[in-house]
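Comments concern the structure below.
Because the structure is predicted, anything quoted here is derived from the model rather than measured. Naming: A, B, ... by sequence-line order, numbering from 1 per chain.
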Protein chains: 2
Amino acid sequence: MELSRRGDYAVRAMLDVATRPADRMTVTKEIALRQDIPPIFLTKIVSSLSQAGLLRTYRGVAGGVALGKPADQISLLQIIEAVDGPIYINRCLIRRGECDRDRTCPAHELWVQAQGELLGLLANKSLADLARRAQELQQAPMAGFAA
Amino acid sequence: MELSRRGDYAVRAMLDVATRPADRMTVTKEIALRQDIPPIFLTKIVSSLSQAGLLRTYRGVAGGVALGKPADQISLLQIIEAVDGPIYINRCLIRRGECDRDRTCPAHELWVQAQGELLGLLANKSLADLARRAQELQQAPMAGFAA
DNA sequence: GGCAAATAGGATATAATTTATCCTTTTATG
DNA sequence: CATAAAAGGATAAATTATATCCTATTTGCC
């Protein structure tokens, strides 16, 4: 019932990229430093994000990583599923027929509902939303306590 | 991001008990049979549920298990947390200060929200709700397709 | 009392998954 | 051609989840 480290790292890494000046690339090692993520592990995560089209990567001396598409077209769900595969909150939701009780199990219905709400939330939150919010938080860390 | 087997078993076992005649006890081994749960593993789960007060257990020849309180006073959240401990959907929510970015991390806010919705859903669904629904499903398995 | 059937609980095994690193290769730049 | 970056395969290390075994305790019944 807990997000994997990989998923958490992926979100933070994407947010890191999204909040840098868009015209300059950054480099995986620097993201790792800033976000306190094991560097070699992050290269794997970046690779998954790249394969999903969420990051674009460039090899070589002047290489690095940049967003693969506009931040408002990247959902949190996409990020997490890129590194962890499809989310399901119970085994019986992996695919229809996984559990032979589907039709008569009231718990099954509950999992369907809970999963729907969770995925909905993550699908409707974009990286752009988070980046915007990051800026607010940085400019007014004490928001709510202003004189 | 997935419910443990233990949690799933716990919910199904509680539902099993709740849908039996209230005046007669059942026995762990039979629950395991009906619900297709590894019997010895289930004894551990029953033990946790008992310690949480959700089941009452009786030793000896005529022993068995029964609900520890009325089904409408048992939430799905209670059941799951009884066997899996407190739910948190990301490490940074284990306790305040777990992550030193709390104050400035926009992702943190998202996790708080997502967790709130998930826990709310589970806290508001009672075992009685599930039991009622179980009865409906059994009486009219093709509900929606009736002539 | 003694047997049988049930839960209680500690210890431990087994398996699966997650997290992380290492090493080599490929690509690009200056 | 040296350097800096990502790509990817193999593998190690750690953690967690799942499950079983064994012994003890409780209870009912003959």
Discussion item. By nearest heavy atom, map B:Thr26 and A:Arg6 onto DNA chain C; which one lands nearer the 5' end?
Written reply: B:Thr26

Worksheet item: Charged N to carboxylate O below 4.0 Å: is that the case for B:Asp84 and B:Arg6?
Response: yes

Discussion item. Looking at B:Arg91 and B:Glu98, is there a salt bridge between them, counting it only when a charged N and a carboxylate O are closer than 4.0 Å?
Written reply: no

Worksheet item: Just how far, in rounded Å, is P of C:dT7 from CD1 of B:Ile45?
Response: 13 Å

Discussion item. I need the NZ-P distance between A:Lys44 and C:dT21, as an integer number of Å.
Written reply: 12 Å

Worksheet item: Base, sugar-phosphate, or nothing for A:Ser4, non-hydrogen atoms under 4.0 angstrom?
Response: sugar-phosphate

Practice prompt. Report yes if a donor N or O on one partner sits less than 3.5 Å from an acceptor N or O on the other, where the partners are the side chain of A:Arg5 and the base of C:dT18; otherwise report no.
Written response: no

Worksheet item: For A:Phe41 and C:dA20, what is the distance between atoms CZ and C1' respectively, to the nearest whole Å?
Response: 7 Å

Could you list, one pair per line, each protein nitrogen or oxygen that sits under 3.5 Å from a nitrogen or oxygen of nucleotides 2-4 of chain C, together with the distance?
none

Discussion item. Is the shortest side-chain heavy-atom distance between B:Arg34 and B:Thr26 below 4.5 Å?
Written reply: yes

Item to complete: Starting from C1' on C:dT26, measure out to OH on A:Tyr58 and report it in whole angstrom.
Response: 18 Å

Worksheet item: Are A:Arg12 and A:Asp16 ion-paired here, with the side-chain N under 4.0 Å from a carboxylate O?
Response: no

Worksheet item: How close or far is atom P of C:dA20 from atom CD1 of A:Ile37, stated in whole angstroms?
Response: 10 Å

Item to complete: Determine, step by step, whether A:Val65 and A:Ile31 satisfy the side chain to side chain contact (heavy atoms under 4.5 Å, CB included) criterion, reporting the C-alpha distance in whole Å, the side-chain angles of both residues, the deciding distance to 0.1 Å, and the verdict.
Response: CA-CA 10 Å; A:Val65 310; A:Ile31 302 175; 3.8 Å; yes

Worksheet item: Which part of the nucleic acid, if any, lies within contact of B:Thr57, taking any heavy atom under 4.0 Å across all strands shown: a base, the sugar-phosphate backbone alone, or nothing?
Response: sugar-phosphate

Worksheet item: Checking all strands, does B:Lys29 fall into the base, sugar-phosphate, or nothing category for heavy-atom contacts under 4.0 angstrom?
Response: nothing

Worksheet item: For B:Ile40 and C:dA13, what is the distance between atoms CD1 and P respectively, to the nearest whole Å?
Response: 16 Å

Fill in: Side chain proximity check, B:Ser48 to B:Ile45, heavy atoms < 4.5 angstrom
no

Worksheet entry | A:Met14 side chain near A:Leu49 side chain, heavy-atom distance below 4.5 Å | yes

Discussion item. Taking any atom closer than 4.0 angstrom to a non-hydrogen atom of chain B, what span of DNA chain D does the protein reach, first nucleotide to last?
Written reply: D:dT18 to D:dG28

Discussion item. For a quick check of understanding: with a heavy-atom distance under 4.0 Å over all strands, which category does A:Gln51 fall into, base, sugar-phosphate or nothing?
Written reply: sugar-phosphate

Practice prompt. Can you establish whether the number of heavy atoms outside A:Arg56 located under 6.0 Å from its atom CZ is more than 12?
Written response: no

Practice prompt. Tell me, please, whether B:Tyr9 has B:Arg5 positioned over its six-membered ring: NZ or CZ under 6.0 Å from the ring centre and within 45 degrees of its axis?
Written response: yes

